[in-house]
2 protein chains.
Amino acid sequence: MDTVDRRIIAALRTNGRLTYADLGRQVGLSASAVHERVGKLEAAGVITGYHAVVDPMTVGLGVTALVGIHPTDTADDEDVAAALAELPEVESCYRVAGDEAFVVKVRVATVDELERSLGRLRRINGVARTRSTVVLSTRFEGRPNVSDVEGPTPRTDG
Amino acid sequence: MDTVDRRIIAALRTNGRLTYADLGRQVGLSASAVHERVGKLEAAGVITGYHAVVDPMTVGLGVTALVGIHPTDTADDEDVAAALAELPEVESCYRVAGDEAFVVKVRVATVDELERSLGRLRRINGVARTRSTVVLSTRFEGRPNVSDVEGPTPRTDG
DNA sequence: GCTGAAATCCTTGGGAT
DNA sequence: ATCCCAAGGATTTCAGC
């Protein structure tokens, strides 16, 4: 994990469809060298995947809520987590410190559907109650936090 | 936005580096047809980008917190949002209903850094106080919520 | 770990249905 | 809106250092 790796990662975080040839030009290596490095980063679990990001609005998921999950006294975390994973509208799931066992992000089409989804959440075995925070607007989301991104490194040869 | 578009989107959400040729094989269209459809989806703002996803652990960002931002009486939302956007450790930022103006997701290396980050958040003009929820583990995050993903559609011709 | 070369595959535009 | 084609480019592997 040197500077070149970090620059490759940074570049792929902002544009996951960059070609190895392009990446090579940016970091000053051949396409094959970049290919090899990226392969190793993937194998090492540093890069876990590549995903297209879709505007939720355009795909009919205009309602987002952050929901805290209060567990019952006898709740089993793993069972609750497994049940949460079963619900497709639960986009993210965090085990948290504090008196809420989990915080989840729920995305649905309408407030009606949100109501139904909250009903499903509350019916999960081990869930005592939920605390919902409706998202009015998403200012930004999943932004890369990488510091060392500079200009292109010129190849030493032509 | 027909079924084919939705299947293309679903495929690119799970693998953002799929080639148009591969996509074409999956949905039963030629590479050029898929190329054109993807271009239109991008132009229409349905697909907003492609990003490599990095394991935060391996990149030295092992501490995640969800932070509620309580505004002062005279706070300007836009100013606060702009200040939050300036902080690189703030990975996501949601404007929310309720007495917290924003909920942000912060990712840093250590609890020490988290403390410093919270200091920075509190010093923002318009921020009265913060409420932090430390993430103990991320069960899943940014999971695709797409229903219509089936097997490959055979080409009608050879 | 990198390069350069080579075979294969993909991209991406044009032209036709 | 789709297909096919074809030129140019990218991928991927491998010998050589």
Side-chain angles (χ1 to χ4, degrees), chain A residues 1-55 58-60 146 148-158, chain B residues 1-55 58-60 146 148-158:
Chain A
M1 265 288 268
D2 58 1
T3 303
V4 174
D5 279 341
R6 278 189 287 272
R7 290 183 62 194
I8 289 172
I9 290 167
L12 285 174
R13 285 192 69 158
T14 58
N15 182 1
R17 278 185 85 83
L18 273 176
T19 64
Y20 297 123
D22 267 338
L23 278 169
R25 283 185 279 268
Q26 286 190 32
V27 303
L29 286 181
S30 68
S32 9
V34 172
H35 181 238
E36 193 168 317
R37 279 173 176 262
V38 171
K40 284 178 184 171
L41 288 169
E42 290 169 355
V46 177
I47 295 175
T48 60
Y50 304 87
H51 303 286
V53 175
V54 170
D55 179 10
T58 67
V59 86
V146 181
D148 47 359
V149 189
E150 292 128 46
T153 302
R155 297 292 305 272
T156 49
D157 54 0
Chain B
M1 267 287 268
D2 59 1
T3 303
V4 174
D5 278 341
R6 277 188 288 272
R7 290 183 63 194
I8 289 172
I9 290 168
L12 286 174
R13 284 191 71 159
T14 59
N15 182 1
R17 277 184 84 84
L18 275 176
T19 64
Y20 297 123
D22 266 339
L23 277 170
R25 281 185 280 270
Q26 286 193 29
V27 303
L29 285 180
S30 68
S32 9
V34 171
H35 182 238
E36 192 167 319
R37 289 175 91 113
V38 171
K40 284 176 184 171
L41 288 169
E42 291 169 354
V46 177
I47 295 175
T48 60
Y50 304 86
H51 303 286
V53 175
V54 171
D55 179 9
T58 66
V59 85
V146 181
D148 45 358
V149 190
E150 293 129 46
T153 301
R155 300 290 303 272
T156 50
D157 55 0

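Naming: A, B, ... by sequence-line order, numbering from 1 per chain. The shown structure was predicted, so the numbers you read here are calculated from the model rather than taken from an experiment.
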Response to the item:
In whole angstroms, the gap separating C1' of dG9(D) from CG of L23(A) amounts to 15 Å
Response to the item:
Judged by nearest nucleotide, the residue sitting upstream toward the 5' end of DNA chain D, E36(B) or E36(A), is E36(B)
Practice prompt. Output yes when a side-chain donor or acceptor of T48(A) lies under 3.5 Å from a complementary backbone atom of D55(B), and no otherwise.
Written response: no
Worksheet, complete the sentence: Picking from dG1(C), dT11(D), dC3(D), the nucleotide nearest the side-chain atoms of A33(B) would be dC3(D)
Worksheet entry | Separation of dT11(D) P from E42(A) CD (nearest whole Å) | 12 Å
Discussion item. Measure CZ/R37(B) against C1'/dC3(D) and give the value in whole Å, please.
Written reply: 14 Å
Discussion item. Can you confirm whether M1(A) sits close enough to I9(A) that some side-chain heavy atom of one is under 4.5 Å from a side-chain heavy atom of the other?
Written reply: yes
Worksheet item: Once you round it to whole Å, what is the distance between P of dG1(C) and CE of M1(A)?
Response: 14 Å
Discussion item. Would the base of dG4(C) count as contacting S32(A) through its side chain, where contact means a donor and an acceptor less than 3.5 Å apart?
Written reply: yes
Worksheet entry | Over all atoms of both residues, closest heavy-atom pair of R17(B) and T19(A) | NH2-CA, 4.4 Å
Worksheet item: Taking atom P of dT11(C) as reference, at what distance in whole Å does atom CG of D22(A) sit?
Response: 14 Å
Worksheet item: Could you give the CG-to-P distance, from L18(B) to dT11(D), as a whole number of Å?
Response: 14 Å
Worksheet item: Minimum heavy-atom separation for G45(B) to T58(A), with atom names?
Response: O-CG2, 4.0 Å
Discussion item. Looking at dC9(C), I'd like to know if its phosphate oxygens (OP1 or OP2) sit under 4.0 Å from a side-chain N or O belonging to R25(B).
Written reply: no
Worksheet entry | Whole angstrom value for the distance that separates C1' of dG4(C) from NE2 of H35(A) | 16 Å
Discussion item. From the set dA1(D), dT12(D), dC2(C), return the single nucleotide nearest to any side-chain atom of Y20(A).
Written reply: dT12(D)
Worksheet item: dA1(D) C1' sits how many Å from K40(B) NZ, rounded?
Response: 7 Å
